[in-house]
Every structure is written in C-alpha cells, then in structure tokens.
Amino acid sequence: MSERAAPFFCPYCGDEDLRPNEQGHGAWECAACSRAFQLKFLGLLAPATPGNSTGREDT
Ligand SMILES: [Zn+2]
C-alpha cells in the first residue's frame with residue numbers, strides 16, 4: 001500500500017493539498033483547484049549503453 005507513488009504537489013496549481021481520488025490506482029485530486037488527475041507508470045528508462053557514449057566527442 002505504501003509503495004504507491006504519491007505526488008507532492010499538484011501539477012496544475014502547485015498546491016500540496018492532495019488527496020486520493022475514488023478512481024484509485026494513482027488517481028489524486030487537488031483540493032485547491034478541484035482538479036483530478038492520475039499518475040501512470042510508463043516503465044523504466046532504457047539504461048545507457050556502455051561504451052557508446054563517445055559519439056559526440058571527436059578528438
Ligand atoms: Zn491543484
């Protein structure tokens with residue numbers, strides 16, 4: 001339960017008065033601007049390929 005990601009600020013007005021929305025699963029609502037939004041985990045970023053980061057360095 002506690003592993004669920006929680007936003008610290010409203011992405012629309014920046015207020016901190018956020019509370020879970022009834023939609024569940026990452027849904028939050030902002031009491032300041034009365035907006036409801038949902039966080040979605042898109043996946044992990046691809047790790048940087050080792051040894052292939054010197055493409056821009058022409059020496
Ligand atoms: Zn807000």
Side-chain angles (χ1 to χ4, degrees):
M1 293 295 289
S2 60
E3 293 295 324
R4 184 173 299 172
F8 293 106
F9 301 100
C10 172
Y12 299 98
C13 73
D15 203 275
E16 301 178 35
D17 195 1
L18 301 177
R19 58 197 62 186
N21 187 267
E22 294 179 350
Q23 300 287 335
H25 286 299
W28 294 83
E29 58 189 35
C30 174
C33 66
S34 298
R35 284 185 172 93
F37 54 94
Q38 190 167 21
L39 299 180
K40 183 179 180 181
F41 178 68
L42 296 178
L44 297 176
L45 297 176
T49 52
N52 196 19
S53 61
T54 58
R56 290 182 299 175
E57 296 180 4
D58 283 335
T59 52

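Counting starts at 1 for both ligands and their atoms, in listed order.
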Chemist: Taking W28 as the starting point, is it possible to reach F9 by hopping between hydrophobic residues whose side chains are less than 4.5 Å apart?
Modeler: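 No; W28 is not reachable from F9 via cluster members.
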
Chemist: Determine the minimum heavy-atom distance between H25 and Q38, stating which atoms define it.
Modeler: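 So the minimum-distance heavy-atom pair works out to O-NE2, 3.1 Å.
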
Chemist: Can you list the protein N, O or S atoms less than 2.8 Å from the Zn ion (ligand 1)?
Modeler: C10 SG, C13 SG, C30 SG, C33 SG

Chemist: How close do L18 and P7 get, heavy atom to heavy atom, and via which atoms?
Modeler: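 For L18 and P7, the tightest heavy-atom pair comes out as CD1-O, 3.5 Å.
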
Chemist: To the nearest 0.5 Å, what is the distance between CG on N21 and SG on C30?
Modeler: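 One finds 12.0 Å between CG of N21 and SG of C30.
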
Chemist: Out of curiosity, F37 CZ to E29 CD, how far, rounded to the nearest 0.5 Å?
Modeler: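 One finds 9.5 Å between CZ of F37 and CD of E29.
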
